Amino acid sequence: MAKNISNKPFGGAISQFFLKDAPKDIRKVIGKAGKNDLIDPNYPYPTELDGDDYEDELEKLQIELVKMQSWARETGQRIVIVFEGRDAAGKGGAIARFSENLNPRFARNVALAKPSDTERSQWYFQRYIAHLPSAGEIVFFDRSWYNRAIVEHVFGFCDKDQRARFFAQVCEFEAMLVKDGIRLWKMWLTVSRAEQLRRFLDRESDPLKGWKLSQIDIDGLTKWDDYTKAIAQTMQRTHNATTPWTVVQSEDQKRARLTSIRAVLCALDYTGKDKKIALPPDPLLCGGPELLGITKA
């Protein structure tokens, strides 16, 4: 067994954590779960969405997304959709379903690496501004400026003054984008600790998914509570009427993807919109920070 583990990404660190350090209740629930079982008892549905139903709904929503992009091109809309959330919550998968049938010339995915020495010397928001959309463009941020509030804070990559300055500026920064005409969504995908660890284990054992793991994922395994505190602080300080957070339950990734798309489509009055398809998202799966148990500070 040790030999098998050592051949896995990062020397099988995920498996080692699961076997030795994960909370007993987490190990128990993962050990008992079938491949397609939903393991969070607080999730509002007992089973995953049926695959055929998912594909049928996704195809309809894809048609609506294409209509929306055509409208955005014709009217010069600038659209930004920020995807944040726990590691392995499904951000990349949700973005892929948004963009798979869009014209890639006018829909971009931005996933920035850690800042260079030059970027670290600049105003914090500067490198993100360079990726904002021009007229007719849709930009997806796979993680964003909120790195400073959460990941950088949890791992000590920024100091208290830098984080305080971020909070002092971020709401005004986002309000400026909106006032200038940018349509901005801040999506937070949430997943339970057990489901997150199960997805990490799946990535570790799958040669086609191992690239998704990073040292931050490994080091973050013991920092669940630190993340929880940082997330609560961030939501309390940056959720507002102008640029609210949209929280999506992503225990079932199929439902989360459909829900995320609906959250955007239902808010836009694009040409040819079918309101029977571009419905408001399920309130059991989509809402504000209250879905995370977070109330205003």
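In this chain, numbering begins with 1 at the start of the sequence shown. If you're wondering where the values come from, they're calculated on a predicted model, not measured in any experiment.
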Notebook entry, point to check: For L284, what are the other residues in its hydrophobic cluster, where any two members join if their side-chain heavy atoms are less than 4.5 angstrom apart?
Noted result: L38, Y43, Y45, L285
Check: What's the verdict on ring pair (Phe, Tyr, Trp, His ring centres under 6.0 Å) for F83 and F98, showing C-alpha distance, side-chain angles and the deciding distance?
Finding: CA-CA 12 Å; F83 276 88; F98 260 96; 5.8 Å; yes
Check: Shortest non-hydrogen contact from I277 to K60?
Finding: CG2-CB, 3.8 Å
Check: In this structure, which one of E84, K186, E152 forms a side-chain hydrogen bond (donor to acceptor under 3.5 Å, both in side chains) with Y146?
Finding: K186
Next item on the list: Kindly give the heavy-atom pair with the smallest separation between A22 and F18, and that separation in Å.
Entry: CB-O, 3.8 Å
Note to self: So for atom CD, which belongs to E59, do other residues, nucleotides or ligands contribute more than 12 heavy atoms lying within a distance under 6.0 Å?
What the structure shows: no
Notebook entry, point to check: Is the closest side-chain heavy-atom distance between D217 and F10 below 4.5 Å?
Noted result: no
Next item on the list: For the pair R143 and D87, find out whether any cationic side-chain nitrogen is under 4.0 Å from an anionic carboxylate oxygen.
Entry: yes
Notebook entry, point to check: Is the closest basic N to carboxylate O distance between E57 and R262 below 4.0 Å?
Noted result: yes
Check: What's the shortest heavy-atom distance between Y124 and W145, and which atoms?
Finding: OH-O, 2.9 Å
Check: Which heavy atom in A278 sits nearest to a heavy atom in E64, and how many Å separate them?
Finding: CB-OE1, 4.4 Å
Item checked: Heavy atoms from other residues, nucleotides or ligands near CZ of R120 exceed 12 (cutoff 6.0 Å) -> yes
Next item on the list: Would you indicate whether the side-chain heavy atoms of C171 and T243 approach each other to under 4.5 Å?
Entry: no
Next item on the list: Please say which of Q233, M235, H239 ends up in a side-chain contact (heavy atoms from CB on, under 4.5 Å) with I294.
Entry: M235
Check: Can the positive tip of R165 be found less than 6.0 Å from the middle of the six-membered ring of W123, inside 45° of the ring normal?
Finding: no
